[in-house]
Amino acid sequence: MPRSRPMWNERPTIENIARYEGQEIVLKGWLYNMRSSGKLHFLQVRDGTGVMQCVVFKGNVTPEVFETAAALKQESSLVVRGKIRVDARSPIGFEMDVVDLKATHIPDVDYPISPKEHGTAFLMDHRHLWLRSSRQQAILRIRAELIRQIRAYFDANGFLLLDAPIFTPSACEGTTTLFETDYVDGSKAYLTQSGQLYMEAGAAAFGRVYCFGPTFRAEKSKTRRHLTEFWMVEPEVAHIGLDEDMDLAEDFLVSIVQGVVANRRKELAALERDIAALERVQKPFARISYTEAVERLQQAGMPVRWGEDFGGDEETVLANQFDRPVMIHRYPAECKAFYMKTDPDDLKCALCVDVLAPEGYGEIIGGGQREDDYDTLLKKIRTHGLSEEAFGWYLDLRRYGTVPHAGFGLGVERTLGWICGLPHVRETIPFPRLMQRVTP
RNA sequence: UCGGGCGUAGCUCAAUCGGCAGAGCGGGUGGCUGUUAACCACUAGGUUACAGGUUCAAGUCCUGUCGCCCGAGCCA
């Protein structure tokens, strides 16, 4: 039986408008902008996949349709019918000559976001509408592609997706601030800061696992690199040490960056990103020890001493010495979390690694080899003043068939901010949650 | 929590030494058959964040409050 209407996924879109050259089609969308010139209306129509100019010429339509076009306001929803034609003046190469037009809804009030300049605070107050603008669409399409590449990498390399809980009983790492929430029967739960400990259980069960989900940090950090809610992917692998962990991080980063460059070149170009800088992200990455990093910083005139953690300035100076991400390994154990394994060759250091993105975007990966010895881990838990009881299940992982294992966490928004070349992470997530903002 | 900065029309910003509250964009009306941030003419639009104070006179100076931005610490 012939269908009277196309399937939902057979409708024409601006994204693939080239298929419809010479045909008369119907497009459903919104008015992005309009210019008029006497007997002509130039409608910039967006349908979610792109923006196309639809030309309403007074001689081609009824007087009613021409009046309807004149009455349209920014972000009116509409249905246009017309013939698709090649036009060299068009940014997308095609235009529609409109023969019929219906306004589905014309707003009573003006759309707040005009095509001119606005400040970030105003745009963030209207984030639900800002998402309609082409620049935000480019960023969020690249975000979706980055996430697709991340999943594709792990799925193709024998990792099992293992979701970590959002509610957790206590701090994964004692110090950082947690969001507390009421749980049942008057008890408290905390929003997760990391799925890592659960991934360690997963690695002992499945060998290679990863989790991918939101992470919550109640730190009072109001900088361009911080969100209170962000997304993190955390792989964990049994039977590997720090060197293989770095191999994994390097291979993974090259894969996802080149995958994004290959599939979202148009969007990166729209953001005026220097794509050549991303294409340089190839193996091998420099691997320098914390000790070597301190020497490099001192040679650069930075007043750092061995034993201190690096701040943002130090990270930027180090990262700027390389044209691709750089791995800094074996930090002083005191700077790092309790579960990091001590370096047997230098007991002051931990078998950990941070990956710094180029161009001053800072740390995008933190990871390392985990402590796998029961007695050593118990001692570290006590030294850090953590609850032995709360970490009982975690200690169990060392009691039953413990093996060397390692992993890392990658922050999606910082990585995306770097890939897109954005000055602030807040545009890398649809609805950012910041210290000073939980709306819209 | 600490340091620095900001708050004027719907938006982005001016307003000199304390001396008439301004522009562009957006909106409205009219004009134009090829506009790309269209253009031209006209037009409406103000509790200068809030509360006090100094002064003949405060957007401007002082005190306090609120909000926001940038950074530090902390972190991805």
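To find a chain, count down the sequence lines: A is the first, B the second, and so on, and within it residues start at 1.
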Donor + acceptor pair across side chains of A/Glu200, A/Tyr339 (<3.5 Å): no
Base paired to B/rG7 (Watson-Crick or G-U; both N/O distances under 3.5 angstrom): B/rC66
Nucleotide nearest A/Arg89 when distance is taken to its side chain, options B/rA72, B/rG34, B/rA76: B/rG34
Short side-chain donor-acceptor distance under 3.5 Å, A/Gln53 and A/Ser90: no
Counterpart base for B/rU12, defined by Watson-Crick or G-U wobble contacts under 3.5 Å: B/rA23
Expected output: side-chain A/Thr68 to main-chain A/Lys102 donor-acceptor under 3.5 Å: no
Kindly give the atom pairs (protein nitrogen or oxygen, nucleotide nitrogen or oxygen) under 3.5 Å for nucleotides 6-12 of chain B.
residue: B/rC11; atom: O2'; partner: A/Glu117; partner atom: O; Å: 3.0
residue: B/rC11; atom: O2'; partner: A/His118; partner atom: ND1; Å: 2.6
residue: B/rU12; atom: OP1; partner: A/Gly119; partner atom: N; Å: 3.0
residue: B/rU12; atom: O2'; partner: A/Glu117; partner atom: OE1; Å: 3.3

Side-chain donor/acceptor of A/Arg437 to base of B/rC68, under 3.5 Å: no
Between B/rA58 and B/rG52 - C1' atom distance, rounded Å: 14 Å
Contacts under 3.5 angstrom, residues 426-436 of chain A side chains, donor-acceptor by atom type, not counting sequence neighbours:
residue: A/Glu427; atom: OE1; partner: A/Gln136; partner atom: NE2; Å: 2.9
residue: A/Thr428; atom: OG1; partner: A/Val425; partner atom: O; Å: 2.6
residue: A/Arg433; atom: NH1; partner: A/Val438; partner atom: O; Å: 3.3
residue: A/Arg433; atom: NH1; partner: A/Pro440; partner atom: O; Å: 3.2
residue: A/Arg433; atom: NH2; partner: A/Val438; partner atom: O; Å: 3.4
residue: A/Arg433; atom: NH2; partner: A/Pro440; partner atom: O; Å: 3.1

Length of the line joining A/His424:NE2 and B/rC70:P, which is rounded to integer Å: 4 Å
Interatomic distance at C1', B/rC74 relative to B/rU48, whole Å: 39 Å
Span that lies between the P atom of B/rC25 and that of B/rC40, in whole angstrom: 8 Å
Sub-6.0 Å ring centroid separation between A/Phe122 and A/Trp130: no
Touch class at under 4.0 angstrom, heavy-atom based, for A/Asp354 against every strand present: nothing
Distance-only donor-acceptor check, side chains A/Asp155 and A/Tyr210, under 3.5 Å: yes
